[in-house]
Amino acid sequence: MSDFAHHQVPKWTEIEHLPEWDEEFYQIYTAKKYGKWLMLKTLRPELRDKPEYREMIEKEFDVRYNLAHPHIVMINDFEEVPGLGMCIITDDIYGESLQKLIDTGKVDEDVLHKITTQLVEALQYIQSNHIVHYPLTTDRVIFTDKIHNLKLIDVGFDQKNHLTPADSAEDIYNFGVVLNKTLDALPTKHPDLRRVAVKCMAKDPSRRYRDIEALKSALNNHYKNRLYITVIIFLAIMVIVLAWLNSSWAPAPPEELQSQEKHINLSVKPTLSIQSIQNIF
């Protein structure tokens, strides 16, 4: 947008608090910046003047600013917003949390598929970048309004040189809880996925999947099994159809063939006899 256009349009308009999105230390707002919808994350009013909390929000911005993944909320900027103080500015991801979809009976197979693919990919990206983050919950998984894309919010507040096995085990446990709640909200049973969820939630961390790659492999096996079953059902249907077609075009039984042969012979013999007599004369 040009500088002239900026002067014509107020910078910040339609700022609205979203109480249901608030976090432990933060308030969440939606607003327009030069006419474009964005979301704002700022410290709660009682924390804004405390140095340790100002340092916390600055560090979160530094950690998350360079993250780039299609299923993680991306940060655009960190700036002062009138009446709110310093805010982390993100893209507009207004939508419904997975928990709200569960509560309102809106969970379907598409939601399940995105949980078992997109959410796992987001977790893998976070772990590969050694991002320390708040526990994964159904409230932190958002499905956007228009295209129903999965976005993981409240992703990280620190970055380490590496994550410990305990960090990975906790992610896998929390994913199992999210998957289990999603399955509970569906009418269709998915025994393979239920087994995956149960293994993720094992009390003994050593009995869970050893890492995200092992979890992804188990989830992929579920979809491979479903594909095999679909192929088997299709082939069975084709066999039944071919058998029915063969029975429709099958040759007549021997009795019918003999009857047909007698009919043919009777109709041919007189003609042959007349021709024979003509040949004699």
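Atom set for the values below is all heavy atoms of this structure, side chains included, hydrogens, waters and symmetry mates excluded. Quick caveat: nothing in here was measured; it's all calculated off a predicted structure.
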* Structure fact -> Rounded to the nearest 0.5 Å, the CD atom of Gln27 sits from the CZ atom of Phe25 at a distance of 13.5 Å

* For the residue pair His69 and Tyr125, categorise the inter-ring angle as parallel (less than 30°), tilted (30 to 60°) or perpendicular (more than 60°). => tilted

* Asked: Are side-chain heavy atoms of Lys59 and Asp158 found at a separation under 4.5 Å?
  -> yes

* Salt bridge Arg64-Asp154, side-chain N to carboxylate O under 4.0 Å -> no

* Is Leu112 reachable from Leu123 through a run of I, L, V, M, F, W or Y residues, each pair having side-chain heavy atoms under 4.5 Å apart? -> yes

* To do: Check the pair Leu152 / Leu136 against side chain to side chain contact (heavy atoms under 4.5 Å, CB included), numbers first and verdict last.
  => CA-CA 9 Å; Leu152 186 57; Leu136 173 66; 3.6 Å; yes

* Heavy atoms only: give me the nearest Trp12-Ile15 pair and the separation to one decimal. => CB-CD1, 4.1 Å

* Asked: Are any of the side-chain heavy atoms of Met86 and Arg54 separated by less than 4.5 Å?
  -> no

* **Criterion side chain to side chain contact (heavy atoms under 4.5 Å, CB included) on Thr116 and Leu179, from CA distance to verdict** => CA-CA 8 Å; Thr116 56; Leu179 176 59; 3.9 Å; yes

* Structure fact -> CG of Leu193 to CG of Asn221, rounded to nearest 0.5 Å, is 11.0 Å

* Nearest non-hydrogen partners of Ile93 and Ile142, listed with the distance -> O-CG2, 3.6 Å

* To do: For atom CZ of Phe61, decide whether the heavy atoms of other residues, nucleotides or ligands shown that lie under 6.0 angstrom number more than 12.
  => yes

* To do: Report the distance from atom CG of Asp77 to atom CG of Leu38, rounding to the nearest 0.5 Å.
  => 9.5 Å

* Structure fact -> Heavy-atom closest pair (Pro70 atom, Asn149 atom, distance to 0.1 Å) is O-ND2, 3.7 Å

* Assess whether side chain to side chain contact (heavy atoms under 4.5 Å, CB included) is satisfied between Ile115 and Leu150, documenting all intermediate values. => CA-CA 8 Å; Ile115 293 296; Leu150 183 148; 3.9 Å; yes

* Closest heavy-atom pair and its distance - Ala214, Tyr209 -> O-CD2, 3.9 Å

* Give a yes or no answer on whether the side chain of Asp108 reaches the backbone of Asp110 with a donor-acceptor pair at less than 3.5 Å. => yes

* To do: Examine Met39 and Tyr29 and state if one hydrophobic cluster contains both, with Ile, Leu, Val, Met, Phe, Trp and Tyr joined whenever side-chain heavy atoms are less than 4.5 Å apart.
  => no

* Asked: Would a 4.5 Å heavy-atom cut-off, applied to side chains only, mark His71 and Lys151 as touching?
  -> no

* Using 4.0 Å as the upper bound for N to carboxylate O, is an ion pair formed by Arg195 and Asp192? -> yes

* Fit a plane to each ring of Trp21 and Tyr94, take the angle between them on a 0 to 90° scale, and name the class: parallel (under 30°), tilted (30 to 60°) or perpendicular (over 60°). => parallel

* For the residue pair Pro82 and Lys11, establish whether any side-chain heavy-atom pair is separated by less than 4.5 Å. => no

* **Test log, rule side chain to side chain donor-acceptor pair (under 3.5 Å), inputs Ser168 and Asp171** => CA-CA 5 Å; Ser168 178; Asp171 278 343; over 6 Å; no

* Salt-bridge test for Asp167 and Lys160: reply yes if a basic N is under 4.0 Å from a carboxylate O, no otherwise. => yes

* Asked: Under a 4.5 Å side-chain heavy-atom rule over Ile, Leu, Val, Met, Phe, Trp and Tyr, are Val141 and Tyr173 clustered together?
  -> no

* Side chain to side chain, Ile88 and Leu40, heavy atoms closer than 4.5 Å -> no

* To do: Rounded to the nearest 0.5 Å, what's the gap from CD on Glu170 to NE2 on His133? Could you check?
  => 7.5 Å

* To do: Verify, without hydrogens or angle tests, whether Ser217 (side chain) and Glu213 (backbone) share a donor-acceptor contact under 3.5 angstrom.
  => no

* Asked: Any chain of hydrophobic side-chain contacts (each under 4.5 Å) joining Val198 to Phe175?
  -> no

* Asked: Just wondering, are more than 12 heavy atoms of other shown residues or ligands nearer than 6.0 Å to CD in Glu20?
  -> yes

* Asked: Is Glu60 salt-bridged to Lys41, going by a charged N under 4.0 Å from an acidic O?
  -> yes

* Please name all residues satisfying salt bridge (Lys or Arg N to Asp or Glu O under 4.0 Å) with Glu58, sequence neighbours left out, ordered by chain then number. => none

* Structure fact -> In terms of heavy-atom contacts, Arg48 and Leu43 come closest through NE-O, 2.8 Å

* Asked: In terms of heavy-atom contacts, does OH of Tyr134 have more than 12 from other residues, nucleotides or ligands at under 6.0 Å?
  -> yes

* Taking all atoms of both residues into account, what is the closest heavy-atom pair of Thr42 and Leu84, and its distance? -> OG1-O, 2.9 Å

* Quick one: does Arg140's side chain have a donor or acceptor within less than 3.5 Å of a partner on Ser97's backbone? -> no

* To do: Indicate yes or no: at least one non-hydrogen side-chain atom of Asp22 is less than 4.5 angstrom from one of His17.
  => yes

* Would you give the length of the straight line joining atom CD1 of Ile75 to atom CD1 of Ile89, rounded to the nearest 0.5 angstrom? => 9.5 Å

* **Any side-chain heavy-atom pair of Tyr53 and Glu46 under 4.5 Å** => no

* **Ile172 with Val120, same ILVMFWY side-chain cluster at under 4.5 Å** => yes

* Side-chain donor-acceptor pair present, Thr137, Asp139, cut-off under 3.5 Å -> no

* Asked: Does Asn161 have any side-chain contact (heavy atoms from CB on, under 4.5 Å) partners at least two apart in sequence or in another chain, and if so, which?
  -> none

* **Interatomic distance, Ile212 atom CD1 to Lys216 atom NZ [nearest 0.5 angstrom]** => 9.0 Å

* To do: Could you tell me whether a side-chain N or O of Lys181 sits under 3.5 Å from a main-chain N or O of Ile102, the two making a donor and an acceptor?
  => no

* To do: Applying side-chain contact (heavy atoms from CB on, under 4.5 Å), name anything that partners Lys32, two or more places apart in sequence or on another chain.
  => Thr13, Glu14, Trp37

* To do: Under the side chain to side chain contact (heavy atoms under 4.5 Å, CB included) rule, what do Lys199 and Val196 come out as? Steps first, then yes or no, please.
  => CA-CA 5 Å; Lys199 184 168 182 176; Val196 171; 6.0 Å; no

* Check whether any side-chain heavy atom of Lys114 sits under 4.5 Å from a side-chain heavy atom of His148, and report yes or no. => yes

